Protein chains: 2
Amino acid sequence: MGYQVTIKNIAEKLGVSISTVSRALSDHPDISSKTKKAVKELADVLGYKPNQVALNLKYQSTKTLGLVIPEIMHNYFSTVISGVEDIAYDNDYSVVICQSNESYKREVVNIQTLLSNRVDGILVSLSKETKDISHIKKIINNKIPIVLFDRIIDDLNVDVVTNDDYKGAYTAVNHLIVKGCKRIAIYTASEHLSIGKNRLSGYKDALCDNNITVDESLIFYCDTYLDSMKITASILKRVDRPDGFFAVNDMTAIGIMMTAKALEIKIPEEIKIIGFENSISAGITSPGLTSVDQFGYEVGKEATKLLFKRIKNKQNEFLPEKRCIKTKLVLRNST
Amino acid sequence: MGYQVTIKNIAEKLGVSISTVSRALSDHPDISSKTKKAVKELADVLGYKPNQVALNLKYQSTKTLGLVIPEIMHNYFSTVISGVEDIAYDNDYSVVICQSNESYKREVVNIQTLLSNRVDGILVSLSKETKDISHIKKIINNKIPIVLFDRIIDDLNVDVVTNDDYKGAYTAVNHLIVKGCKRIAIYTASEHLSIGKNRLSGYKDALCDNNITVDESLIFYCDTYLDSMKITASILKRVDRPDGFFAVNDMTAIGIMMTAKALEIKIPEEIKIIGFENSISAGITSPGLTSVDQFGYEVGKEATKLLFKRIKNKQNEFLPEKRCIKTKLVLRNST
DNA sequence: ATGAAAGCGCTAACAA
DNA sequence: TTGTTAGCGCTTTCAT
């Protein structure tokens with residue numbers, strides 16, 4: 001810490017007590033206007049700013065929210081951050097962002113750091129690795145307000161904000177079928193996160209409703225660009241290769257697209273591809289990537305609103321709320 | 001804040017003093033092993049975690065760095081963040097990330113918040129709007145260690161880490177010339193930031209060294225995707241349209257590319273394009289975008305190392321250090 | 001209208 | 001081996 005001015009410094013220079021300075025600065029009615037003026041002027045000259053650390057201790061509140069996300073790099077999470085920050089700033093709160101980098105261990109450390117720093121509430125989107133949720137339960141037990149979003153685990157007694165993953169997936173797969181696809185592959189996330197489970201259900205139900213039997217050999221657990229680049233070539237070389245692909249996020253879809261282009265497979269004529277996210281990237285590939293918009297900004301906003309509701313109502317235990325943000329299929333030329 | 005356990009709670013339940021608890025928890029040699037055991041066990045059962053806010057006040061140090069960047073969304077800044085976090089975590093520090101959203105006002109507020117929260121050091125990449133740097137001077141006057149990176153203003157007496165913008169630009173423009181371009185446009189940032197100034201110099205010098213006279217009508221102040229999409233069409237429709245484009249960042253370059261493709265202008269046959277950043281996006285367009293790699297991760301790491309040097313050497317005033325991270329032209333099919 | 005003192009949670013110098 | 005106390009910066013109750 002630097003050499004910052006305190007009310008004690010001001011009090012000494014002015015020959016008054018620290019309580020007078022404190023009151024003068026907060027315009028307490030008891031203080032004479034002369035004293036106020038003197039104090040405020042000196043505070044200004046010295047560049048006094050209240051020590052927030054002291055105030056946090058005093059008030060037992062930090063006016064800070066913790067936000068734990070897997071990776072800032074993801075366009076989706078960047079938009080979530082904006083939503084969170086906007087609502088937080090409206091409420092005069094700061095936001096501390098932590099990246100778990102998809103590591104369970106780091107996620108636990110992040111959350112512990114936030115708890116130690118006594119943030120007033122925590123927003124979490126779980127890492128891919130997270131199966132044990134005792135660290136989340138700890139937050140709940142400590143009665144720290146918490147909201148999970150996007151990457152959640154069901155059956156946890158907390159507020160959650162998710163996308164309508166089921167419907168998003170259903171609509172996307174249905175669109176592929178309408179466009180003529182018969183063999184549709186899905187690149188999805190592990191099913192322990194509800195995001196993986198629900199999208200897979202949407203995929204399966206869309207197939208069933210169109211009288212297409214689910215072919216387990218078309219279900220791939222793959223959700224990164226690099227992995228997609230790794231596994232797609234061999235899939236595209238299969239004699240019974242898929243004619244449609246639905247991927248869990250845009251970069252995974254783009255991995256499929258890049259591989260197909262390298263193999264000179266025509267999109268959308270020979271294969272069609274849909275992503276999930278509707279990131280900037282979806283708009284700059286050739287062809288453009290049809291993608292399910294997740295409205296990350298809205299997710300961030302809703303989650304933060306829910307969190308503030310908890311923060312401001314801590315006394316009475318109320319039932320967990322679940323919010324679901326609608327998705328929207330954005331059509332481009334990959335389908 | 002929640003209902004978290006304090007050493008006082010432990011002390012009361014155990015009938016000892018809080019100092020005993022404090023010492024027991026930190027394995028002080030004076031404390032008997034029985035007492036230690038009892039204290040530690042109870043602490044464990046109750047889920048005691050030290051209140052970092054109290055420690056911050058006590059130690060006059062928060063073990064936290066502040067990082068102010070224009071926009072998290074930019075791939076470049078995401079990579080910088082990773083570099084910063086890695087070095088910070090190596091030193092047992094946390095990082096608080098603030099977005100200025102390219103707003104001077106927000107930048108000032110961010111920095112004030114960081115100062116009030118008594119972070120131990122601050123890393124800043126200035127917003128586009130920032131011309132007045134009194135808020136930066138305030139940090140310096142307060143003797144808070146600070147390092148500027150990427151978006152800096154010259155002649156400020158602080159440590160800075162930049163890319164070799166001049167050379168990066170020179171190399172890129174030279175490459176366009178080698179590839180046969182005669183009329184090269186630059187889409188650049190305002191010159192009040194050294195990044196704009198230096199890249200423009202590199203551009204001009206590369207032209208001069210190849211006996212091409214600088215044509216002021218080919219210099220455009222444009223550095224976003226949206227603006228690029230707005231201004232490029234009319235530029236491409238000029239009879240004397242440029243045959244080469246060098247843009248200040250990848251998304252601006254991609255704006256040019258998308259516009260050219262919409263106008264059915266062939267890349268690289270009719271026009272060639274180079275970006276600056278070498279983001280993921282550069283690799284997924286068709287054609288791939290030739291781009292100057294900025295090594296954001298390295299920039300983040302270097303800046304943070306410099307910052308720690310300051311933090312750990314606060315007593316003696318030493319001269320500001322300037323670090324320059326090399327760039328590298330990554331060739332793809334847009335040139 | 002102002003000062004003294006307690007307290008937020010913790011550590012550490014000093015006492016015992 | 002353990003307890004008491006002061007202090008980090010601030011607010012606020014209680015005295016004056």
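Keep in mind that this is a model prediction, so the values were computed, not measured. Throughout, protein chains are lettered first and strands after them, A, B, ... in sequence-line order, and every chain is numbered starting at 1.
Atom CD1 of A:Ile122 sits about 8.0 Å away from atom CD1 of A:Ile136, to the nearest 0.5 Å. Summarising the geometry, atom CD1 belonging to A:Ile152 is positioned 9.0 Å from atom CG belonging to A:Leu193; distances are rounded to the nearest 0.5 Å.
Between the side chains of A:Ser103 and A:Ser100, no donor N or O sits under 3.5 Å from an acceptor N or O.
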Report task. With salt bridge (charged side-chain N to carboxylate O under 4.0 Å, His left out) as the test, would you mind laying out the steps for A:Arg310 and A:Asp120 before giving the verdict? Result -> CA-CA 10 Å; A:Arg310 283 275 172 208; A:Asp120 291 352; over 6 Å; no
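Taking a heavy-atom distance under 4.0 Å as the criterion, the stretch of DNA chain C touched by chain A extends 5' to 3' from C:dA1 to C:dG9. Of all nucleotides in DNA chain D having an atom under 4.0 Å from a heavy atom of chain B, the first and last in 5' to 3' order are D:dT1 to D:dG9.
By the neighbour-count criterion of 12 heavy atoms within 6.0 Å, atom NZ of B:Lys36 is densely surrounded, having more than that number from other residues, nucleotides or ligands.
Using a 4.0 Å heavy-atom criterion, one finds that A:Ile7 contacts the bases of the nucleic acid, with or without backbone contacts as well. When heavy atoms are screened at a 4.0 angstrom cut-off, B:Ser19 is found touching base atoms of the nucleic acid.
Looking at which nucleotide of DNA chain D each of B:Ala54 and B:Val21 is closest to, the 5′-most match is held by B:Val21.
A:Ala38 pairs by the side chain to side chain contact (heavy atoms under 4.5 Å, CB included) definition with A:Leu14, not counting sequence neighbours. In this structure, the side chain to side chain contact (heavy atoms under 4.5 Å, CB included) partners of B:Lys322, at least two apart in sequence or on a different chain, are B:Val160. The ring-ring contact (aromatic ring centres under 6.0 Å, His included) check on A:Tyr297 picks up nothing, with sequence neighbours excluded.
Remark: side-chain polar atoms of A:His135 are not paired, donor with acceptor, to backbone N or O of A:Lys105 under 3.5 angstrom.
B:Glu102 has a carboxylate O that lies under 4.0 Å from a charged side-chain N of B:Arg151, or vice versa, which qualifies the two as a salt bridge.
At a non-hydrogen distance threshold of 4.0 Å, nothing from residues 28-47 of chain A comes into contact with DNA chain D.
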